[in-house]
Every structure is written in C-alpha cells, then in structure tokens.
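Reading through the structure tokens given below for one structure.
Values below: every heavy atom of this structure, side chains too, minus hydrogens, waters and symmetry copies. Atoms within a ligand are numbered from 1 in the order they appear, just like the ligands themselves.
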Amino acid sequence: MNGIKLLSLDFDGTLIGPWNGTQPEIASGLIDSLEHLRRRGVLIALNTGRTVPLVDQALRIFPFVPDYALTAEREVYRWEGRHWSDVGGWNGRCREAHDDLFREAEPLLEEIRRFVERDTEARPYYEDGLLVGVVAKTGEEMDRIQRFIAGRQACCPDFSSQRNSIYLRFCHRAYDKGSVLNELQRVLTIGPEETFAAGDNFNDLPMLKRSCARWLACPANSVAEVKGVVSAGDGYVAEGAHGYGVVEALAHFLPEAF
Ligand SMILES: [Mg+2]
C-alpha cells in the first residue's frame with residue numbers, strides 16, 4: 001500500500017449521514033472497507049467532537065469499534081476490548097489546561113452568556129455548571145455569535161472554540177483535532193505522511209492539513225471551507241456524501257488495497 005498506517009475519521013457527517021428517525025444513514029461498503037484495512041494493519045481513530053459517552057452511544061448504531069477515539073476535539077482514548085483507557089498523560093494535562101482556562105475566562109464566559117441569552121435564540125450549553133458551549137438555531141446565528149466572541153476574546157489569549165455546524169465548544173487554543181491527532185501519532189510513532197484524515201465541518205479544519213495528514217479527504221456534504229483546504233492540500237473532495245465519500249477517497253488513495 002502507499003504507506004497509510006492510520007486513519008483519522010470524523011464521525012457525524014463523515015462516517016454517518018443524516019438521521020432517518022432513530023437510525024443514521026450508513027454507506028454500503030463502508031464497514032467492509034474499514035474492516036478490510038484493519039486486517040491489513042491500518043489503525044483506525046475516530047476524531048470527533050463527541051464525548052466518550054456520546055461515542056459509546058454512536059457505536060451502538062455504527063457496527064465498527066475503532067482502535068482509538070479522539071473525543072471532544074481534544075482527548076485521546078484507546079479501546080481495550082471492553083472499555084476506553086487514557087493514553088499517556090495527555091488527557092490529564094488537557095483537563096488541567098481547561099480547568100485553568102475556564103477560571104481565567106470567567107468574565108468572558110459571563111459576557112458570552114449574557115449576549116447569547118439577550119440577543120440570540122441560541123442555547124448556552126453547560127457541563128458541571130460551567131458554560132462550555134453554545135447551540136445556535138441557524139448557521140447565520142452561529143456566525144453572529146462567533147463574531148461577538150472574536151471581538152472580545154483578546155482578554156484571554158488561550159481561549160478558543162471549535163465549531164461543528166450550529167454547535168460551538170469552548171476550548172484551550174492548544175487543543176483541537178489536529179493537536180490531539182499529532183499526540184496519537186507521537187505515541188504510535190506514525191507520521192503525518194502515513195496518515196489519512198477525513199472530515200466535513202469547521203472543527204475538522206485543524207486536522208485537515210499536511211502537518212497532520214499527507215492524505216486528506218472530505219465528503220460531498222462538507223462545508224465550503226473544508227472543501228477549500230482539502231483541495232489546497234492536494235486532497236480528495238469526494239462526489240459521494242458522508243461514508244460514500246470516505247469509501248471513494250480510500251479507493252482513490254489506496255487503489256491496490258481494494
Ligand atoms: Mg462532522
């Protein structure tokens with residue numbers, strides 16, 4: 001094969017399609033392709049905005065358990081056959097950095113909360129009583145919220161956020177899908193030149209660059225910004241949506257494997 005040893009795959013919108021009642025659309029051939037590559041020694045990581053409980057929920061409807069889950073755009077877990085375990089000290093350091101950040105950013109978070117509650121129809125999102133994100137009604141409303149935050153976050157240089165469509169999660173600037181993928185690569189001693197990454201939304205942008213993955217792809221349903229960086233990085237913009245596009249991209253880059 002061309003040297004691909006690791007797949008970094010977004011889940012919602014990339015591996016699965018729109019929900020039809022209680023089931024998402026899963027592309028025919030996708031699971032077979034992933035199993036086939038795993039048999040050939042390729043490691044597979046979900047790189048998702050979902051938290052661990054939401055990954056477990058996802059895997060009840062998606063019949064493939066990845067080797068690694070990179071969760072909430074910042075933590076790294078290995079599948080041990082029955083449960084997820086931390087990989088090295090990354091998750092501990094990540095949590096400490098976020099505890100410090102959320103303490104420092106308290107006045108900024110309060111400003112964001114007031115703006116969201118007074119001037120938008122969006123919903124503030126809390127975890128353990130802490131404002132950790134916002135869910136907007138529309139993409140345009142999220143654009144407006146992001147502009148508000150951009151105009152005020154200079155007070156807190158480490159403050160950043162990850163956007164997936166109408167969802168925004170606050171985070172430390174050092175942590176995103178790209179930095180967590182680089183950490184997994186460091187642990188596995190697998191380089192970007194041996195890594196394939198695919199995603200469809202804004203929060204995927206940090207991993208869709210050549211310093212994270214030599215082999216870039218996005219499905220047809222991706223936002224324009226993602227299609228732009230994948231094209232610019234010599235990647236593959238698929239004609240098929242979600243999992244169909246992933247299968248298409250894998251066959252494009254690994255013709256000898258299929
Ligand atoms: Mg997605």
(message) Within 2.8 Å of the Mg ion (ligand 1), is there any N, O or S atom belonging to Asp12?
(response)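 Yes.
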Task: Closest Asp10 atom to the Mg ion (ligand 1) [N, O or S only] - done: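 When I compare the N, O and S atoms of Asp10, OD2 is nearest to the Mg ion (ligand 1).
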- prompt: Any idea which N/O/S atom from Asp200 gets closest to the Mg ion (ligand 1)?
  reply: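 Restricting Asp200 to its N, O and S atoms, the minimum distance to the Mg ion (ligand 1) goes to OD1.
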| What do you reckon, is CZ of Phe148 surrounded by more than 12 foreign heavy atoms closer than 6.0 Å? | yes
Q) So do the side chains of Tyr68 and Asn47 get within less than 4.5 Å of each other, counting heavy atoms only? A)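 A side-chain contact under 4.5 Å is absent here.
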Margin query: Donor-acceptor check, side chain of Arg163 to backbone of Ser165, threshold 3.5 angstrom: yes or no?
Written below: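 Judged by distance alone, yes, a pair lies under 3.5 Å.
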Only residue of Glu193, Gln185, Glu194 satisfying side chain to side chain donor-acceptor pair (under 3.5 Å) with Lys5 is Glu194
